[in-house]
Chemist: 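Got a structure for you, questions after.
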Amino acid sequence: MSGTPAKTGAAFFEHFDRHAHGKGLKGGTTHYCPGCGHGLAHKYLAEAIVELGVEDRTVMVSPVGCAVFLFYYFDTGNTQAAHGRAPAVALGHKFANPNSIVVSYQGDGDLASIGLAEIMHAAQLGVPISVIFINNAIYGMTGGQMAPTTLMGQWSSTTPEGRGPMQGQPMHVSEVIAKLDGASYVERCALFGQKERKRAKTAIKKALQMQVEGRGFSFVEILAECPTHWGLSPQDSEAHVRDVLSKVFPLGIVKDEVREPWFNPGKPTFDAEKVLEVIDAQREPVKRFCTKFPTHLDPLDVSVKLAGSGGDGAQTAAMLLTRAAIAEGYDATHIPSYGPESRGGTSYADVHVAKDEVLSPSAPAPHVLVAFNAPSLEKFSMSVRPGGIVIYDSGMISKPPEVQAGVRVLAVPCASIAQKLGAVVVKNVVALGALQEATRLLDEKTFLGELDRSLKHKTNLIPLNEAAFREGAKAVRELKAS
Amino acid sequence: MAQPRPEVIVTEALCKGCGRCVDACPKHAIHLGTEINQVSGLMPVHIDHDVCNDCGLCMSACPEPYGLSTELYELEDPKKLYGENARRPKPATIPPRKIALPKVEPLVLKGNYASAIGAILAGCRHVFGYPITPSTEGAELMAKLQPKLHGVFLQACSEVATINHMYGTGGAGLPTMTFTSSPGFSLMLEGISYMIGTQLPGVIVNVMRPGPGLGYIGPEQSDIKLMCRGLGHGNTHAIVLAPTSPQEMLDLTFEAFALSFKYRNPVIIAADGFLGQITGRVTLPDHLIDPGLPDWAVFGDAAHRGNLNSSIFQDWVDLEKHNELLCEKYALMQANEQRSTGYRLDGARTLVIACNTPARTAKAAVERLRREGRPAGLFQPVSLWPFPIKALQQQLETVKRVVVVEASAGQLEDEMRLALHHADAPKVEIHHLRHMGGILPNDQEIYEMVRGLTEVEQ
C-alpha cells in the first residue's frame, strides 16, 4: 500500500508514500514535472472512479514509463506491470475477479512500442477493461527519446536531426485500435482548454462506465503535454497540443458501438462430483479378466512396438493396449514418437506392460513388433528380441522381414481385412486382435471392454471395431492352423 | 439563494507553478508567482481573492491532486503519516479448503494431461498458455475442461503475455498456471523475475526440448541451468520439481500450487519432452482444493483495496532489505524443500544420479546391475532447486563414485557440483553419461558404463 487512505468519496490517497517514505513535500505532490498532462489524466480518472462509486472495486495497473508510480496516488487495488505488459496483467486481474474494474494506464512507449502485441490482443479480445493511453509523443522517463507517436521533424534525443523517414511515421494508435473488432469505445482527447478537459473527463468516465456495465473494451487516448522534453513552457505546451499535435492526431470519438452486456464468466466450481465428471474419472470398478501376468512372454515387463506412418492408427492401438493393461491392474506406459507432420509422417509407439512397475518406458528391444508399413518393418524387425513376435500388415508389405533367430513372424493382412469390413481405418484394431491372439498378452474380453469404454460416445462404431478385433484374432488362428 | 461556494486556496508548497490554472480562470484572478516558496523551491501561483468568484475551473485544470483545493492541505501531519489510521486494515486470509475426493479407478493419462488434472485438483481455474510442442496437450485439455468448471483458459498472444496474465491473476491471489517448453520458457523469464520480485504465486510447467535456438521437439533437460540459476534478472530463485512419470506429473503439479502460495513465489515443474508425451497409470489424490484468498491479494474488492503488487523500491536501502527478505525465503526453501528419492540405495557403491525420464532408464539399468550382483543404486533429485544435498551427502558416506546421467551438457552435474561445494563435501569420483538433441541416455548404455565401474560383490 502506498499512502494514507483516501477520505470517503475520494480515490486519491490523502497522503502519498513516495520517496523518503512520504516525508516532506513528496507526501502531497506528484512526481510529475510542472505542467505535465499525466496529473490531469490522474485527476479525471480519480473523479470518474468516485462518481461511479467503484473505489473499492478498482484495480489500477501502472506501466513502465512516467506513470510507473501511479500506485503512489490511487487508493485502489494496485499492480505495477512490466514494460508494455499492462493490458496482459489487466486481463489476468479481470479474469480473476470479473466484478473488478481494471484500468490499464500506459504511455506511448509502453503501449505503442514494446507493448503492441499485448494491447492489440486485448483490444481484439474485447474483454471489458479500460485502457488510458497517454500520448505525449516522447519517452519521458528515460529522458526524451523518440516514441512511436513522435511527429515528423520532431527533435528527440534519438532523432537529433528531427524524426525523418528512416524513423518511420507517427503511429495513429486510436485508429488502429478502433479497427479491431473487440474494441467497443475509442476516443482521443486532449487537455488544452476547459472544453477539451471536460471532454477528456467525460471520456474517461464513459470508458469506466462501459466496464461497469460489462459491455466491452474501452480505450481513451489523451494527447498530453510534456513541457520538459518538448523544451516548452507549460502554456506553450498546451498551445503545441492545440496547434500541432491534435492536427496530426485528430480529436474525437473514433468508435462507439453499443453492445449488450456479455462478460460473465461465472463462478468457478470446486465441487468434487463435478470435477470427477469433468475429468472423466470412473467410479465403478472395471471388471478384470486376466488371472495372471503373461509370464510366458516375460516374468515382469513386456514391451511392444507399434509402427507405421502417420494415420495408420499405431498410436490409437498403442493407447488401447495401454488402457486395457491398466484396466487389468498392471502398470503400463505408452510413449509416442512421430515426425512433425500430422498425417503421412513416421509414427512409432512404445508400450510397456509391467507386473508392478514399468522401469524404462522405451522399447529398444521389444518383445512384440506390429508394423503397418515397409519402412517401419525394415527399421525395427531386427530389434525384436529372440523369442519375440513380429506381426506385419501383409496387405501393405510384400517382403517378409529379416529377424533374429527365434523370432516368430506373422503376416496378417490387416488393411485388407479392415477394408472388407467396410472401413480401412480399423486396421489398427485388426492388428490388436492379431496381437492378442498371437501373444495372449491380456484377455480378449479386456480389449473388447476397453473398445466399449473408449467408444462410449460413439456407440454406433462399437460393432465395427469388435468385428475388426475378432477378424484379426481369427486371421492369426488360421495362420497357426495352416 | 444558492449556497456560497467554498473558497479556492493554493497550498503553496504543493503548487509547482505550472500556470495551467492561469488560462483556465475566466476572471483572470490567477497569476504566475514571482516569489520562490522556501519549502518547494518553486514559484507557486497567486490567487487574487478580490477577483476570484470560487467557480472552481482552476481546480480542474490543476495537474496536482492537492495544489488547488477548497481546503488547506496539511504537510507532514504526523498523525496522518504514522498514526493509527494511516493504513487500511489488512483483510483476513481465507484459507484454502480440502474437499474429499471419492475413490475412483486409476486414470490413464498422458503426462501433460496428468499435470493439467493435478492443477485442476489443486484449485487452479485460471490457465493461460501459448501452444508449443511438446507441451501443448496441457493447454488443449485446459481449454476443454476449464469452461465446464467455470474456469478460464485463455490462449495468450505469446509466452510474454502468458506470464503477465499469470502476474495479474496470481496477483489477484488465485492459483494460475501455464504449460510451456524451452523457447517459450526463455520468453517468460522477465515475467518470472517480476513475479519473484513482487512475491506472487504461479506454476509453470516447462516440458523441456532441445536447443539452442529452435533446436527441435524431442526430449532434453535443456533448461536446468535456466530454472535453477537463471530466472530472469536480479536475485531470483524458485523451487524446481522434476517428475519422472504421469503420476508424478500430477502429484508434483498438485503440490506445486501449495508451495507457490506458501512461499509467495513461482514454482516450476521441470519435465522433459518424453514426460509430456508418455501415457501411464495415474491415481488421484484423496482430496481437491478450494483455494481461498490470501490477505495480500489485489483482488479488486473492498477488503483488499489497500493492497499493492509491485517490485519497485526507490530507496536503495529498502531494495536491499527486500532482497534480503527474498534471500531469507530462499534459505527457508533450501532448508525445508529438498526432495529426493532413490532405488536400490542399500549398500550401493556406484550411485547413478538422474532425474526426469533418464531416472527411469537408469532405474532399469540399476535393476539389471543388481541382478548381476553389482551394487549400483539410483539417487533421484526431485527438487532440482533446492538441490537435495542433505540426502546426497548421506549416501556419499558409503558410495565410491557417482555417475550423473542426463540429457544435457552437464547442467544437472553442475547443480550437484555446486551443491557439493557449498556443503564442503569430501571429494567424490564423478563420472557422467550425457546426450543432447532429443536422444535420452538409454538403459543399455547406462548399464554398460556402470558395469565397467562396479565390481561384483558377493
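Chain naming here is simple, since letters A, B, ... match the order of the sequence lines and numbering starts at 1 in each. Atom set for the values below is all heavy atoms of this structure, side chains included, hydrogens, waters and symmetry mates excluded. Computed from a predicted structure; not experimentally measured.
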Chemist: Could you walk me through whether Gln80(A) and Thr198(B) satisfy the side chain to side chain donor-acceptor pair (under 3.5 Å) test, starting with their C-alpha distance in whole Å, then the side-chain angles of each, then the deciding distance to 0.1 Å, before giving a yes or no?
Modeler: CA-CA 9 Å; Gln80(A) 198 287 313; Thr198(B) 309; over 6 Å; no
Chemist: Tell me if a side-chain donor or acceptor on His165(B) pairs with a main-chain N or O of Ala88(A) at a distance below 3.5 Å.
Modeler: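 Yes; judged by distance alone, with no hydrogens or angles, the pair exists.
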Chemist: Any ion pair linking Glu357(A) and Arg360(B) (charged N to carboxylate O, less than 4.0 Å)?
Modeler: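 Salt bridge between Arg360(B) and Glu357(A), a charged N being under 4.0 Å from a carboxylate O: no.
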Chemist: Who among Thr361(B), Leu101(B), Thr279(B) has the most heavy-atom pairs with chain A under 4.5 Å?
Modeler: Thr279(B)
Chemist: Please report the interatomic distance OG1(Thr333(A)) to CD1(Ile278(B)), rounded to the nearest 0.5 Å.
Modeler: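 Reported value, rounded in 0.5 Å steps: 4.5 Å.
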Chemist: Hey, what do you get for CG (Leu300(A)) to CD (Glu367(B)), rounding to the nearest 0.5 Å?
Modeler: 7.5 Å
Chemist: Would you please say whether a donor-acceptor pair under 3.5 Å links the side chains of Glu47(A) and Ser60(B)?
Modeler: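 No, Ser60(B) and Glu47(A) have no side-chain donor paired with an acceptor closer than 3.5 Å.
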Chemist: Sort Ser158(B) into side chain, backbone, both or neither according to what part of it lies under 4.5 angstrom from a heavy atom of chain A.
Modeler: side chain
Chemist: Please identify, among Ser100(A), Ser360(A), Gly39(A), the residue contributing the most non-hydrogen atom pairs under 4.5 Å to chain B.
Modeler: Ser360(A)
Chemist: To the nearest 0.5 Å, what is the distance between NE2 on His93(A) and CZ on Phe299(B)?
Modeler: 11.0 Å
Chemist: Flag the one option from Met319(A), Glu277(A), Arg85(A) with the top tally of heavy-atom pairs under 4.5 Å to chain B.
Modeler: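 Top count of heavy-atom pairs under 4.5 Å with chain B: Arg85(A).
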Chemist: So, Arg20(B) and Glu238(A), do they make that salt bridge, N to O below 4.0 Å?
Modeler: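 Salt bridge flag = yes for Glu238(A) with Arg20(B).
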Chemist: First locate atom OH of Tyr343(B), then atom CG of Leu359(A), and finally report the distance between them rounded to the nearest 0.5 Å.
Modeler: 5.0 Å
Chemist: Mind running side chain to side chain contact (heavy atoms under 4.5 Å, CB included) on His334(A) and Lys110(B) for me, showing each step along the way?
Modeler: CA-CA 8 Å; His334(A) 160 217; Lys110(B) 211 177 230 210; over 6 Å; no
Chemist: Within a reach of under 6.0 Å around CE of Met120(A), are more than 12 heavy atoms found that belong to other residues, nucleotides or ligands?
Modeler: no
Chemist: What's the verdict on side chain to side chain contact (heavy atoms under 4.5 Å, CB included) for Val108(B) and Thr322(A), showing C-alpha distance, side-chain angles and the deciding distance?
Modeler: CA-CA 8 Å; Val108(B) 183; Thr322(A) 307; 4.3 Å; yes
Chemist: Out of curiosity, Leu107(B) CG to Asp280(A) CG, how far, rounded to the nearest 0.5 Å?
Modeler: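 Reported value, rounded in 0.5 Å steps: 8.0 Å.
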Chemist: Which one of His38(A), Gln235(A), Lys274(A) has the most heavy-atom pairs closer than 4.5 Å to chain B?
Modeler: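 The answer is Gln235(A).
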Chemist: Can you check side chain to side chain contact (heavy atoms under 4.5 Å, CB included) on Val104(B) and Arg283(A), steps first, answer last?
Modeler: CA-CA 5 Å; Val104(B) 294; Arg283(A) 299 288 289 274; 3.5 Å; yes
Chemist: With a 4.5 angstrom heavy-atom cut-off, which part of Gln155(B) approaches chain A: side chain, backbone, both or neither?
Modeler: backbone
Chemist: Which value, rounded to the nearest 0.5 Å, describes the distance between Ile279(A) atom CD1 and Leu121(B) atom CG?
Modeler: 5.0 Å
Chemist: Please evaluate residues Phe270(A) and Ile99(B) with respect to the criterion side chain to side chain contact (heavy atoms under 4.5 Å, CB included), reporting the C-alpha separation (whole Å), side-chain torsions for both, the decisive distance (0.1 Å), and the verdict.
Modeler: CA-CA 8 Å; Phe270(A) 302 98; Ile99(B) 297 170; 4.1 Å; yes
Chemist: Which bit of Lys103(B) is near chain A, if near means a heavy-atom gap under 4.5 Å: side chain, backbone, both or neither?
Modeler: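 The answer is the backbone of Lys103(B).
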Chemist: Is Asp75(A) salt-bridged to Arg305(B), going by a charged N under 4.0 Å from an acidic O?
Modeler: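 Arg305(B) and Asp75(A): salt-bridged.
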Chemist: If you measure only the distance, is there a donor-acceptor pair under 3.5 Å linking the side chains of Thr30(A) and Lys16(B)?
Modeler: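 Yes, Lys16(B) and Thr30(A) have a side-chain donor paired with an acceptor closer than 3.5 Å.
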Chemist: Do you know which of Thr29(A), Asn97(A), Ile326(A), Thr58(A) has the most heavy-atom pairs with chain B at a distance under 4.5 angstrom?
Modeler: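 Looking at each of Thr29(A), Asn97(A), Ile326(A), Thr58(A) in turn, Asn97(A) comes out on top.
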Chemist: Give, as side chain, backbone, both or neither, the part of Phe128(B) having an atom under 4.5 angstrom from any heavy atom of chain A.
Modeler: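 For Phe128(B), the contact with chain A is made by the side chain alone.
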